[in-house]
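Per chain, numbering begins at 1; letters A, B, ... match sequence-line order. A quick note: this is a predicted structure, and the numbers were derived from the prediction, not measured.
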Number of protein chains: 2
Amino acid sequence: MTQPAAHRRASIADVARAAGVSVGTVSNVLNRPERVLPGTRERVEAAIDELSFVRNGSARQLRAGTITTVGAIVLDIANPFFTDVARGIEERLDRDDFTLMVASSDDKPDREQRYLRLFEEHGVQGVMVVPATDDIEHLLAVRRRGTGVVLLDRPSSDPSISSVAVDDVRGGELAARHLLDEGHTRIAFLNGPHTIRQCADRYEGVVKELVAAGLDPATALVEITVSSLNAEGGEAAIRGLLESGDRPTAVFCVNDLVALGVLRTLRTENIAVPADVAVVGYDDVAFAAELSTPLTSVRQPTHEIGVRAADLLLDGPDAAAEHVMFQPTLVVRGSSSAVG
Amino acid sequence: MTQPAAHRRASIADVARAAGVSVGTVSNVLNRPERVLPGTRERVEAAIDELSFVRNGSARQLRAGTITTVGAIVLDIANPFFTDVARGIEERLDRDDFTLMVASSDDKPDREQRYLRLFEEHGVQGVMVVPATDDIEHLLAVRRRGTGVVLLDRPSSDPSISSVAVDDVRGGELAARHLLDEGHTRIAFLNGPHTIRQCADRYEGVVKELVAAGLDPATALVEITVSSLNAEGGEAAIRGLLESGDRPTAVFCVNDLVALGVLRTLRTENIAVPADVAVVGYDDVAFAAELSTPLTSVRQPTHEIGVRAADLLLDGPDAAAEHVMFQPTLVVRGSSSAVG
DNA sequence: GCTACATTATGAACCGTTTCATGGCGCAGG
DNA sequence: CCTGCGCCATGAAACGGTTCATAATGTAGC
């Protein structure tokens, strides 16, 4: 009945007092109940209920040092690609009774830093990061200080940091090759900033393929940087392109959300897909196949990316860094091909 | 140059020693730099860099007691509805320099409990929860112990806990009313378990509307509980329904992901939508309008839900609990109506 | 030269756990 | 009866920060 002082949470000492035992015993009840006589244990448990005691995680961790949580920092929590990866991570972590906390950097380096620091300061076992910048020096520093780091969805430029990625250059090639095969010679690429490695790599792949086909990227390719990597960004970019007058015959979008915005806009503007403009997306999210014009997209093994990343992190900080690279595949549908 | 012992992170004491000052001074440099002479400050900062010191968040928090982080526990991190809400939360938190950690309960009460405990033990300012069960006694307990709690997407049955919800009974009514207006008299409702309040409420709304129209729910309505609240769940459920032989003329899905699975399956099976079977979803996610058969759906103000919830949490633990209830709207499209 | 006061730096107390050396106690074996 | 051992419970040290009363030093005013 008698609660401890107005706003202070009950501590282990309060419980000990209430149960008439020492703090050590309460701690034992909490952590190694088998070492405590059943009678004593019950008294302590009663006191815990009575005071509705909740362990102070900070104190616990301060002393014990470790915690079975890992953090994930993704670019955009509203992008199904990243959340599918997150589900893969969760599935793997669950097996080892680890927990996952997800944070979203919103492509912003300072937000990424902030969450990174937060995770590190709180002593998580490790962090999986989709970096918002090309420079990963800050991640190396975290790694050096003993926190596990796995790069998500982008290859590591450093041998000491593990990564699970998909070959984005190849992805760009696949998309470009397909559009070339369909007869397009003027392609717009609605891309994100090149500071995001995936964007730079996909661009590189596209250019490579154009050059291989004997085209001059300077004329055959127009790259537009979207304001945000989602449907709104796609919509704004395609509108700009349409208003500019010289409309390309094909649009390659850096992800399916951007493609969604493009398709939406083209439909509103009564521009036929793929007849007037072909559209290719990236990620092959769940709804891509069900759109009014089913979306051609570059598929990545999302779930598997998450699982492997968690694998690597759980291998522990002393395991040798590994660099997993998956290959993307192209899924052709109606948005880019009459046959699709 | 001389790093501290092999695997121990540098502590404030190490920094103090290296800089030739006391620990108190280091702490001041960290927290109130203006109180430290520039010269001293620089020496300390140099030592911090040198030792690549990172504050121990647990120790800091143990003493300081507070932390500017809030947690969110949603049912499914891969559901755009929840991540849109999360973005709303983030946007609001950002203004007050709070950070958000998201966890996914996967509809599982024990996972919800686990994350809840994790958040509470680590002393977050508050938690926003989409409860996986009808019983929220455990949330009340958290609240009583001084951690802020806001119910997300479901009304609070308790006056002491704030909530930001959308009228789900009304949502069910809107969907049912619409299908009745379209002439359907045998409706399948692919629903989640009634332990999830939203599911129970939407069911109630459907039944209400059927009764109001003079129909007997026992014959006019068949409720099927999906195995999971996503496309796979929807697919499995509709397959079961098709195989059972007596196919209803309309399917109402508890969310748009389930509806996506249904649409996908119906297309594969060459069943015309809405001619053979009408489909209505819930949430009006971004892609709903762009599907091959644009999806009729009950729209909820996702972003606004997140913003308001964060508002309430940031009001502090002593503010009076508030119960915000938004009204859903029906967006009619081609999946349920020829005119849509 | 002395006092009053402002500015900086100090170091010990404290936060709430876990851990571990220590001690009390009962019991079996000799 | 004594020894040795196993079982429980104890209480203090330790984790790494923050905070605060206090000390040291410098400066201004009289």
Side-chain angles (χ1 to χ4, degrees), chain A residues 4-5 7-45 47-48 51-68 117-118 120-123 145-147, chain B residues 4-5 7-45 47-48 51-68 117-118 120-123 145-147:
Chain A
H7 247 35
R8 219 186 90 254
R9 292 190 349 182
S11 77
I12 236 184
D14 297 322
V15 174
R17 207 170 309 123
V21 300
S22 73
V23 292
T25 301
V26 176
S27 179
N28 279 334
V29 169
L30 256 24
N31 301 304
R32 317 194 207 50
E34 76 284 357
R35 289 203 196 166
V36 178
L37 227 47
T40 316
R41 188 183 347 175
E42 277 158 27
R43 265 186 9 258
V44 171
E45 280 164 352
I48 288 178
L51 300 174
S52 65
F53 163 77
V54 177
R55 234 204 301 253
N56 180 321
S58 303
R60 170 191 177 69
Q61 197 185 329
L62 172 58
R63 181 64 234 245
T66 183
I67 187 185
T68 56
R117 195 158 41 76
L118 195 64
E120 186 181 10
E121 286 187 359
H122 280 81
R145 284 180 226 121
T147 301
Chain B
H7 247 38
R8 220 187 88 253
R9 291 187 356 179
S11 79
I12 229 181
D14 297 322
V15 174
R17 206 170 310 124
V21 299
S22 72
V23 293
T25 301
V26 177
S27 179
N28 278 334
V29 170
L30 257 23
N31 301 303
R32 321 196 210 41
E34 76 285 356
R35 289 204 197 165
V36 178
L37 227 48
T40 317
R41 187 184 349 177
E42 278 157 27
R43 264 182 15 254
V44 172
E45 280 164 351
I48 288 179
L51 300 174
S52 64
F53 164 77
V54 177
R55 239 204 300 247
N56 181 321
S58 304
R60 170 190 176 69
Q61 197 185 329
L62 172 58
R63 185 63 235 248
T66 183
I67 188 184
T68 56
R117 195 158 40 79
L118 195 65
E120 186 182 11
E121 286 188 358
H122 280 81
R145 286 181 224 119
T147 301

*With a 3.5 Å cut-off and no angle check, do the side chains of His122(A) and Gln61(B) form a donor-acceptor pair?*
yes
*Can you see which heavy atom on Arg9(A) is nearest to which on Asp14(A), and at what distance?*
O-OD2, 4.2 Å
Which donor-acceptor pairs under 3.5 Å do the side chains of residues 32-40 of chain A make with protein atoms, sequence neighbours left out?
from, atom 1, to, atom 2, distance (Å)
Arg32(A), NH1, Asn28(A), OD1, 2.8

*For Arg55(B), which residues count as a salt bridge (Lys or Arg N to Asp or Glu O under 4.0 Å) partner, sequence neighbours excluded?*
Glu121(A)
*asked:* Please tell me if Thr25(B) has a side-chain N or O lying less than 4.0 Å from either OP1 or OP2 of dT10(C).
replied: yes
*Between Val23(A) and Ala16(A), what is the shortest heavy-atom contact and its length?*
N-CB, 3.8 Å
*Locate the shortest heavy-atom distance separating Val44(B) from Ala19(B); write the atom from each residue and the value.*
CA-CB, 3.9 Å
_Candidate pair Val29(B) and Glu45(B), rule side-chain contact (heavy atoms from CB on, under 4.5 Å), full reasoning_ = CA-CA 8 Å; Val29(B) 170; Glu45(B) 280 164 351; 4.2 Å; yes
*When you list every nucleotide of DNA chain D with an atom under 4.0 Å from a heavy atom of chain A, which one comes first 5' to 3', and which comes last?*
dC8(D) to dG16(D)
*Ile12(A) versus Phe53(A), closest heavy-atom pair with distance*: N-CE1, 3.5 Å
*Identify the heavy atoms of Gly123(B) and Ile67(B) that sit nearest to each other, and give their distance.*
O-CG2, 2.7 Å
*Compute the bend angle of the helix from dG1(C)-dC30(D) to dG30(C)-dC1(D) from the end axes (five pairs per end), rounded to 10°.*
50°
Find every protein N or O atom lying less than 3.5 Å from an N or O atom of nucleotides 13-20 of chain C, and list the pairs.
from, atom 1, to, atom 2, distance (Å)
dC14(C), O2, Arg63(B), NH1, 2.9
dT17(C), OP1, Asn56(A), N, 3.4
dT17(C), OP2, Ile12(A), N, 2.7
dT18(C), OP1, Asn31(A), OD1, 3.4
dT18(C), OP1, Asn31(A), ND2, 3.0
dT18(C), OP1, Arg55(A), NH1, 3.4
dT18(C), OP1, Arg60(A), NH1, 2.7
dT18(C), OP2, Ser27(A), OG, 2.8
dT18(C), OP2, Asn31(A), ND2, 3.2
dT18(C), O2, Arg63(A), NH1, 2.9
dT19(C), OP2, Arg32(A), NH2, 3.1

_With sequence neighbours excluded, residues passing salt bridge (Lys or Arg N to Asp or Glu O under 4.0 Å) with Arg43(A)_ = none
